[in-house]
Amino acid sequence: MRLATWNVNSVKQRVPRLLPWLDERRPDVVCLQETKLTDDAFADLLGEALTERGYAFASNGQGQWNGVALLSKVGLDDVQRGFADMPGFPDAEARAISATCAGLRVHSLYVPNGRVPDSDHYRYKLAWLEALRASVAGGPERVALCGDANIAPTDADVFDPVAYQGHTHVTVPERAALKSLTDLGLHDVVRERWPDERVFSYWDYRAGMFHQNLGMRIDLVLADAVTAGRVRAAWVDRQARKGTGPSDHAPVMVDLDEAPDGDIGPMVPPPSAGGYRRGSKKLPQSK
DNA sequence: ATGTCACTGGTTCAGTGA
């Protein structure tokens, strides 16, 4: 199963990139963020194109800002918009949607930006993450938190730590909030696959940042241990950041071995596994 | 000295958010 997450920075503006990308990469489950459309507008814009490609979909949008969505070819059950005790600013914002796809509880998340350290919006970001942690702690074991975390987990996830001093995305409390999520037993699957590589998922539009590869890794897939053990490949689709009219974020792609029952079971490499194993040194071990 | 992009309101540009 191929899982992807992409902050599209307006799905309306991104249609000419999104649909060819779906056809090229053929992800089974897609988490979108910053759709910036109401649910009705999302369905009007993309419903037909998604249906003919075999996707079920659900969105949680509000128009103008925010907005998240899930697309799935492998089931989309028990859709939940938001999560328990999710804080607002001051009202609830469209930043979370989750559903069960082939036994995996998939969350598409757009974590608040925080704007300025110690601001009201920053405190909102931390409170939002804590409520998410509590919600996930009480939720299903097979889970993947996917989306724009608006936090670079470590200094290795920014092009220049000095450039971000005093800014959001790298502060100690934000990283602690992220760690409280991974302390639930979740794995940052892209970093685990590429422990020493320079991997970014976001590059500012300004000043040729992408061209110079001056970015941040703030789009994450955090998966439970069993699901992380199914990871065959995990990478950032930099192609989607190139060319005309890209988002400022690139998609994060994760390929999982099949687990029809949500149970890892005895692991046998699929015949096609070799083609996906770029960078991997060993196959996941069954217990 | 934020160099771009996307949104809105209410008109072709300024303010806001990222």
Side-chain angles (χ1 to χ4, degrees), chain A residues 5-19 21 31-42 44-46 59-69 87-96 108-129 146-153 157-171 173-175 177-178 200-220 236-252:
Chain A
T5 181
W6 192 7
N7 179 325
V8 291
N9 185 18
S10 173
V11 74
K12 188 174 180 180
Q13 297 302 317
R14 220 57 62 209
V15 167
R17 300 298 302 259
L18 175 63
L19 295 179
W21 175 81
C31 303
L32 299 176
Q33 300 87 37
E34 286 207 78
T35 55
K36 301 186 179 179
L37 284 180
T38 63
D39 295 340
D40 285 348
F42 185 95
D44 287 347
L45 179 71
L46 286 172
S59 69
N60 180 18
Q62 61 184 73
Q64 185 174 3
W65 306 120
N66 309 316
V68 288
F89 191 74
D91 299 320
E93 298 183 303
R95 295 180 175 276
S108 180
L109 303 167
Y110 177 45
V111 177
N113 175 286
R115 298 179 189 169
V116 177
D118 299 323
S119 64
D120 286 349
H121 204 266
Y122 179 87
R123 285 184 282 276
Y124 163 55
K125 178 180 195 173
L126 296 178
W128 195 93
L129 286 163
C146 311
D148 180 356
N150 270 320
I151 300 170
D157 299 305
V158 298
F159 75 90
D160 178 8
V162 174
Y164 288 98
Q165 275 179 9
H167 295 266
T168 57
H169 294 58
V170 301
T171 68
E174 288 168 280
R175 286 175 170 169
L178 193 58
F200 300 137
S201 66
Y202 161 85
W203 301 261
D204 197 296
Y205 281 123
R206 292 168 287 191
M209 299 287 270
F210 177 71
H211 184 68
Q212 301 169 75
N213 196 24
L214 304 179
M216 314 177 80
R217 192 175 68 91
I218 56 177
D219 299 273
L220 308 177
V236 173
D237 189 358
R238 287 175 51 91
Q239 287 300 123
R241 182 63 177 77
K242 300 178 182 177
T244 305
S247 170
D248 42 1
H249 296 250
V252 177

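Just the heavy atoms: all of them, side chains too, but no hydrogens, waters or symmetry mates, feed the values below. Lettering follows sequence order; numbering is per chain, from 1.
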Study note, to complete from the structure: When A/Ala207 and A/Gly114 are each assigned the nearest nucleotide of DNA chain B, the 5'-most assignment goes to A/Ala207
Practice item. Identify, between A/Gly208 and A/His249, the residue whose nearest nucleotide on DNA chain B lies closer to the 5' end. Key: A/Gly208
In whole Å, what is the span from the [atom1] atom of [X] to the [atom2] atom of [N]?
| X | N | atom1 | atom2 | result |
| --- | --- | --- | --- | --- |
| A/Asn150 | B/dG17 | CG | P | 15 Å |
| A/Arg17 | B/dA6 | CZ | P | 12 Å |
| A/His167 | B/dA18 | NE2 | P | 15 Å |
| A/Asn66 | B/dC7 | CG | P | 13 Å |
| A/Lys36 | B/dC5 | NZ | P | 13 Å |
| A/Tyr122 | B/dG17 | OH | P | 19 Å |
| A/Arg95 | B/dG17 | CZ | P | 12 Å |
| A/His211 | B/dT4 | NE2 | P | 15 Å |

Check your understanding: What residue among A/Thr171, A/Asn113, A/Thr168 forms side chain to side chain donor-acceptor pair (under 3.5 Å) with A/Tyr122?
Key ->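 Single side chain to side chain donor-acceptor pair (under 3.5 Å) partner of A/Tyr122 among A/Thr171, A/Asn113, A/Thr168: A/Thr171.
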Exercise for review: Report the residue from A/Asn66, A/Asp219, A/Thr5 that forms a side chain to side chain donor-acceptor pair (under 3.5 Å) with A/Gln33.
Suggested key: A/Thr5
Check your understanding: Which nucleotide in the list B/dC5, B/dG17, B/dA18 gets nearest to the side chain of A/Tyr205?
Key -> B/dC5
Ignoring backbone atoms, test whether [X] places a side-chain nitrogen or oxygen under 4.0 Å from the OP1 or OP2 oxygen of [N].
| X | N | value |
| --- | --- | --- |
| A/Ser247 | B/dC5 | no |
| A/Arg206 | B/dA18 | no |
| A/Gln64 | B/dG9 | no |

Exercise for review: Dump the intermediate steps for side-chain contact (heavy atoms from CB on, under 4.5 Å) on A/Arg241 and A/Val236, then the final yes or no.
Suggested key: CA-CA 10 Å; A/Arg241 182 63 177 77; A/Val236 173; over 6 Å; no
Review point. Below 6.0 angstrom between ring centroids: does that apply to A/His121 and A/Phe89?
Key: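 That pair passes the under 6.0 Å test.
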Exercise for review: For the pair A/Trp203 and A/Phe210, name the ring-plane relationship: parallel under 30°, tilted 30 to 60°, perpendicular over 60°.
Suggested key: perpendicular
Check your understanding: Hey, does A/Phe210 reach any base, or is it just sugar-phosphate, or nothing, if we go heavy atoms under 4.0 Å?
Key ->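 Since no nucleic acid heavy atom lies under 4.0 Å of A/Phe210, the category is nothing.
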Pairwise [atom1] distance, [M] and [N] [rounded to whole Å]:
| N | M | atom1 | answer |
| --- | --- | --- | --- |
| B/dC5 | B/dG10 | P | 26 Å |
| B/dG15 | B/dT2 | C1' | 16 Å |
| B/dG3 | B/dA18 | C1' | 15 Å |

